[in-house]
K.L.:
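Please find one structure pasted underneath; my questions will follow.
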Amino acid sequence: MLGKVLVRRIGRKEIRAVITETEAYHGLKDKASHAARGKTKRNAPMWGAAGHWYVYFVYGNHWMLNLVTGPEEYPAAILIRGISKIKNQKSKFRRSASQTLIKNKDGVVSGPGRVAKFLKIDGSLSGRPASRKTGLWIEDGGEKIKPSRIKAAARVGVNYAGKEWAGKKWRFKLL
DNA sequence: TAAGTGATCTCT
DNA sequence: GAGATCACTTAA
């Protein structure tokens, strides 16, 4: 997902942003994953088909945006932790040709709570497919990402999961 | 480093 | 219905 373009449609407006940071939550055994404590109404989308959103609310403040991955009935999802804005192209340009990354500091949205807030995402998207129809989807950025540009680190805020799972370097950042 | 914040889940 | 928990952010 790193380097892909996340697109959010709000009314007539489309916001485009490159995904720059993610975290993986993988299977029932991953103690840091919501799935480890069994299927509930909230986390049910994790067991669903890949390509659907899983959105939930934490700490009384923040919506977290995840994309469900993996086969059906296997709970896995990717948390989107950071994006970098792209200038909106004029409609006369072709989408693929006119995207330019905003490289200055203002173009960076860092932290999953901020990402959701910036894109005006809430729980109503949870369980819905990533598609133009739902107003939130992913497009190919047209850029090949070399593995050397990806930095792996331990996931954030999951110390409760114990050393084995909190220590997994499943946080990925595009450099 | 700590507090705020409220949905969700577990236990009565 | 009460109590605990929490994939975070912000201000000190």
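Just so it is clear: chains get the letters A, B, ... in the order the sequence lines come, proteins before strands, and each one is counted from 1.
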K.L.:
Rounded to whole Å, how long is the line connecting atom NZ of A:Lys168 with atom P of C:dA7?
P.N.:
18 Å

K.L.:
Would you mind pulling out the nucleotide paired to B:dT5, Watson-Crick or G-U wobble, both distances under 3.5 Å?
P.N.:
none

K.L.:
Roughly, in whole Å, what's the span from CZ in A:Arg42 to P in C:dT5?
P.N.:
15 Å

K.L.:
May I ask you to verify whether the side chain of A:Tyr56 and the base of B:dA7 hold a donor-acceptor pair under 3.5 Å?
P.N.:
no

K.L.:
Whole-Å distance between C:dC6 P and A:Tyr25 OH?
P.N.:
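Rounded to whole Å, this separation is 12 Å.
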
K.L.:
State plainly whether the residues A:Lys31 and A:Glu164 are in salt-bridge range, i.e. N to O under 4.0 Å.
P.N.:
no

K.L.:
Using purine N1 to pyrimidine N3 plus N6-O4 or O6-N4 for Watson-Crick, or N1-O2 and O6-N3 for G-U wobble, each under 3.5 Å, what pairs with C:dA7?
P.N.:
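C:dA7 is unpaired by these criteria.
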
K.L.:
When you check the gap from the basic side-chain N to the acidic O, do A:Asp122 and A:Lys117 get nearer than 4.0 Å?
P.N.:
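The answer is no: the pair does not qualify as a salt bridge.
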
K.L.:
Which whole-number value in Å describes the distance from A:Asn43 CG to C:dT5 P?
P.N.:
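In whole Å, C:dT5 P lies 19 Å from A:Asn43 CG.
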
K.L.:
Using atom NE2 of A:His34 as one end and atom C1' of B:dC9 as the other, report the distance to the nearest whole Å.
P.N.:
12 Å

K.L.:
To the nearest angstrom, how far is A:Trp63 atom CH2 from B:dT5 atom P?
P.N.:
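About 17 Å, once rounded to whole Å.
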
K.L.:
For a quick check of understanding: with a heavy-atom distance under 4.0 Å over all strands, which category does A:Tyr59 fall into, base, sugar-phosphate or nothing?
P.N.:
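Since a base atom lies under 4.0 Å of A:Tyr59, the category is base.
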
K.L.:
So, does A:Arg37 get its side chain near the phosphate of B:dT8, meaning an N or O under 4.0 Å from OP1 or OP2?
P.N.:
no

K.L.:
Between A:His62 and C:dT9, does any side-chain N or O lie under 4.0 Å from OP1 or OP2?
P.N.:
no

K.L.:
Could you give the CD1-to-P distance, from A:Ile80 to C:dA7, as a whole number of Å?
P.N.:
17 Å

K.L.:
Can you identify which nucleotide, out of C:dA7, B:dC9, B:dG6, has its nearest atom closest to the A:Lys41 side chain?
P.N.:
B:dC9

K.L.:
Using a cut-off of strictly less than 4.0 Å, decide whether A:Thr40 has a side-chain nitrogen or oxygen near OP1 or OP2 of B:dT8.
P.N.:
no

K.L.:
Taking NZ, NE, NH1 and NH2 as the nitrogens, is one of them in A:Arg8 or A:Glu14 under 4.0 Å from a carboxylate oxygen of the other?
P.N.:
no

K.L.:
Tell me, please, whether A:Tyr25 has A:Arg155 positioned over its six-membered ring: NZ or CZ under 6.0 Å from the ring centre and within 45 degrees of its axis?
P.N.:
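A:Arg155 over A:Tyr25 ring: yes.
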
K.L.:
Could you tell me how far apart A:Tyr54 (OH) and B:dT8 (C1') are, to the nearest whole angstrom?
P.N.:
10 Å

K.L.:
Under 4.0 Å between a side-chain N or O of A:Tyr160 and OP1 or OP2 of C:dA7?
P.N.:
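Answer is yes, contact under 4.0 Å.
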
K.L.:
Ring centres of A:His34 and A:Tyr56 under 6.0 Å apart?
P.N.:
yes

